[in-house]
*Asks:* 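I'd like to ask some things about the structure below.
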Protein chains: 2
Amino acid sequence: MAEIDDKIIDDKDAERHRAKMAKRKAVQDAEVAGKTIEKGLLIVNTGPGKGKTTAAFGLALRMLGYGKRVGVVQFIKGKWHTGEKDAFAAFGDRVIWHTMGEGFTWESQDLKRDIAAAEAAWAKALELMADPSISLVVLDELNIALRYDYLDLEKVVAALKTRREGLHVIVTGRNAKPLLVEAADLVTEMGLTKHHFAAGVKAQQGIEF
Amino acid sequence: MAEIDDKIIDDKDAERHRAKMAKRKAVQDAEVAGKTIEKGLLIVNTGPGKGKTTAAFGLALRMLGYGKRVGVVQFIKGKWHTGEKDAFAAFGDRVIWHTMGEGFTWESQDLKRDIAAAEAAWAKALELMADPSISLVVLDELNIALRYDYLDLEKVVAALKTRREGLHVIVTGRNAKPLLVEAADLVTEMGLTKHHFAAGVKAQQGIEF
């Protein structure tokens, strides 16, 4: 670290920095002061990039850190094993987990079965959303079920909009429907700038599943 | 759910779906078969949207689910309390956590102190990256330290590129430097489609911290 330690910061630089940051702090403080609303958020993580589901689970973890309870419904993921499910077991009954999918649509190849699975998953979602002990519900890959019309979009969005006060819900999956985006408080589009799959790297334990 | 149950799927629809998905599966299977490389990834989560840090922690959780060890260095976040830190305590010594920041740059207003904090954090990062028991290192908000030139970019990128084989590293923070993006295997740009702060909602427990 010697080279960095030797970087010379003269008093003028330091003062310029302080003045700039003091100004920035004033702006920042005013912004924070202007935000006063507390509410349960409807969050959507969409886009082609990585991080939609992992960010939802990162938020679940944050919530668990405050002693809260979290519910998860996986709409598409089915049989295969994932690390996150095992990890959440560390929180005992503070995480309620339903893996309801039949796998990717191209694995199942059975439209009726996919629709039935989506309906069963949605019934679990409604159950979790109605449970007052739960602070956050993750609806993983619900966007996929909506995209393929496995569920009625208007009915799903209406239920999400009329969720009980204070409840946070995160919906993940590519191609979020505009009606859902419109209803949401927070929408993040994960953009794929660069992906290792394109370089021939395969799905790895702890990274993709 | 009655309305959805009543949706009529005739045999032709079902067969069309099956054929389409069978074709899709063949493409998908060929793609998966073409990916054979296993490697420790350099991952960058950047962009103005939410989910950069939470996705990194979601990945850490996934890794923990396989019994692996994870290291975290927070370059900017300092004094304030976060839920994720408490939650990770559930995994005992499988998570090594260093909060090394002095808070936001506009809070510290002291360039020398910010640089010293970044250097100390980077020293911890090197330590974690050298520890063969660790599978994933999260360098939270390292991009911010690089953006403000608290650390030497070329030196940091060189160290990341020459990390030991098999080690996954995730760097988070807005405005990732092009040199880092170039070196990375996986880069996701979290785009801000819609944010509740703009609607006057304040930072809430379990969501922002």
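Given the structure is predicted, the values throughout are model-derived calculations rather than measurements. The chains referred to below are lettered A, B, ... by the order of the sequence lines, with proteins before strands, and numbering in each begins at 1.
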*Asks:* May I ask you to decide if the ring planes of A:Phe91 and B:Phe91 are parallel, tilted or perpendicular, using 30° and 60° as cut-offs?
*Replies:*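 Aromatic pair A:Phe91/B:Phe91 classed perpendicular.
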
*Asks:* Report which part of A:Phe209 has an atom under 4.5 Å of a heavy atom belonging to chain B: side chain, backbone, both, or neither.
*Replies:*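 Both parts, heavy atoms under 4.5 Å.
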
*Asks:* Check each atom of B:His168 against the heavy atoms of chain A and say whether the ones under 4.5 Å are side chain, backbone, both or neither.
*Replies:*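 For B:His168, the contact with chain A is made by the side chain alone.
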
*Asks:* Of all of A:Lys68, A:His81, A:Lys20, which one pairs up most often with chain B through heavy atoms under 4.5 Å apart?
*Replies:*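 So the answer, after comparing A:Lys68, A:His81, A:Lys20, is A:His81.
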
*Asks:* Go through the steps to decide whether B:Leu64 and B:Val70 satisfy the test side chain to side chain contact (heavy atoms under 4.5 Å, CB included), and finish with yes or no.
*Replies:* CA-CA 7 Å; B:Leu64 289 165; B:Val70 167; 4.1 Å; yes

*Asks:* Set out, in order, the CA-CA distance, both residues' side-chain angles and the distance that settles ring-ring contact (aromatic ring centres under 6.0 Å, His included) for A:Phe57 and A:Phe88, then state yes or no.
*Replies:* CA-CA 9 Å; A:Phe57 289 151; A:Phe88 277 125; 5.5 Å; yes

*Asks:* With a 4.5 angstrom heavy-atom cut-off, which part of A:Leu136 approaches chain B: side chain, backbone, both or neither?
*Replies:*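 For A:Leu136, there is no contact with chain B at all, as no heavy atom is under 4.5 Å.
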
*Asks:* Side chain from CB out, backbone as N, CA, C, O: work out which of these in A:Ala22 comes under 4.5 Å of a heavy atom of chain B, or both, or neither.
*Replies:*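 Contact with chain B: backbone and side chain both.
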
*Asks:* Looking only at heavy atoms and a cut-off of under 4.5 Å, which of B:Glu15, B:Glu208, B:Arg16 has the most pairs with chain A?
*Replies:*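 Going by pairs under 4.5 Å, I would pick B:Glu208.
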
*Asks:* Between B:Arg174, B:Lys77, B:Lys52, B:Arg147, which is the residue that forms a salt bridge (charged side-chain N to carboxylate O under 4.0 Å, His left out) with B:Glu141?
*Replies:*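 Option passing the salt bridge (charged side-chain N to carboxylate O under 4.0 Å, His left out) with B:Glu141: B:Lys77.
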
*Asks:* By a 4.5 Å heavy-atom criterion (distance strictly below it), what part of A:Gln28 contacts chain B: side chain, backbone, both, or neither?
*Replies:*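 Side chain only.
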
*Asks:* Within the supplied structure, the quantity of interest is the number of heavy atoms (other residues, nucleotides, ligands) at a distance under 6.0 Å from A:Arg94 CZ; does it exceed 12?
*Replies:*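 Enclosed: over 12 neighbouring heavy atoms sit under 6.0 Å from CZ of A:Arg94.
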
*Asks:* So for A:Thr46, is it side chain, backbone, both, or neither that comes closer than 4.5 Å to the heavy atoms of chain B?
*Replies:*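 Looking at A:Thr46, nothing touches chain B.
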
*Asks:* Can you tell me if A:Thr53 and A:Asp140 form a side-chain donor-acceptor pair at under 3.5 Å?
*Replies:*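 Short answer, yes.
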
*Asks:* For B:Leu61, is it the side chain, the backbone, both, or neither that has a heavy atom closer than 4.5 Å to a heavy atom of chain A?
*Replies:*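 Interface part for B:Leu61: both.
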
*Asks:* Where does B:Thr188 contact chain A at under 4.5 Å (heavy atoms): side chain, backbone, both or neither?
*Replies:*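 Both backbone and side chain of B:Thr188 come within 4.5 Å of chain A.
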
*Asks:* What's the verdict on side chain to side chain contact (heavy atoms under 4.5 Å, CB included) for A:Ile207 and B:Leu59, showing C-alpha distance, side-chain angles and the deciding distance?
*Replies:* CA-CA 6 Å; A:Ile207 300 292; B:Leu59 218 56; 4.2 Å; yes

*Asks:* Report which part of B:Glu38 has an atom under 4.5 Å of a heavy atom belonging to chain A: side chain, backbone, both, or neither.
*Replies:*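 For B:Glu38, heavy atoms of backbone and side chain both lie under 4.5 Å from chain A.
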
*Asks:* Specify which of A:Asp86, A:Leu192, A:Leu186 makes the most heavy-atom pairs with chain B at under 4.5 Å.
*Replies:*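 Greatest number of close heavy-atom pairs with chain B: A:Leu186.
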
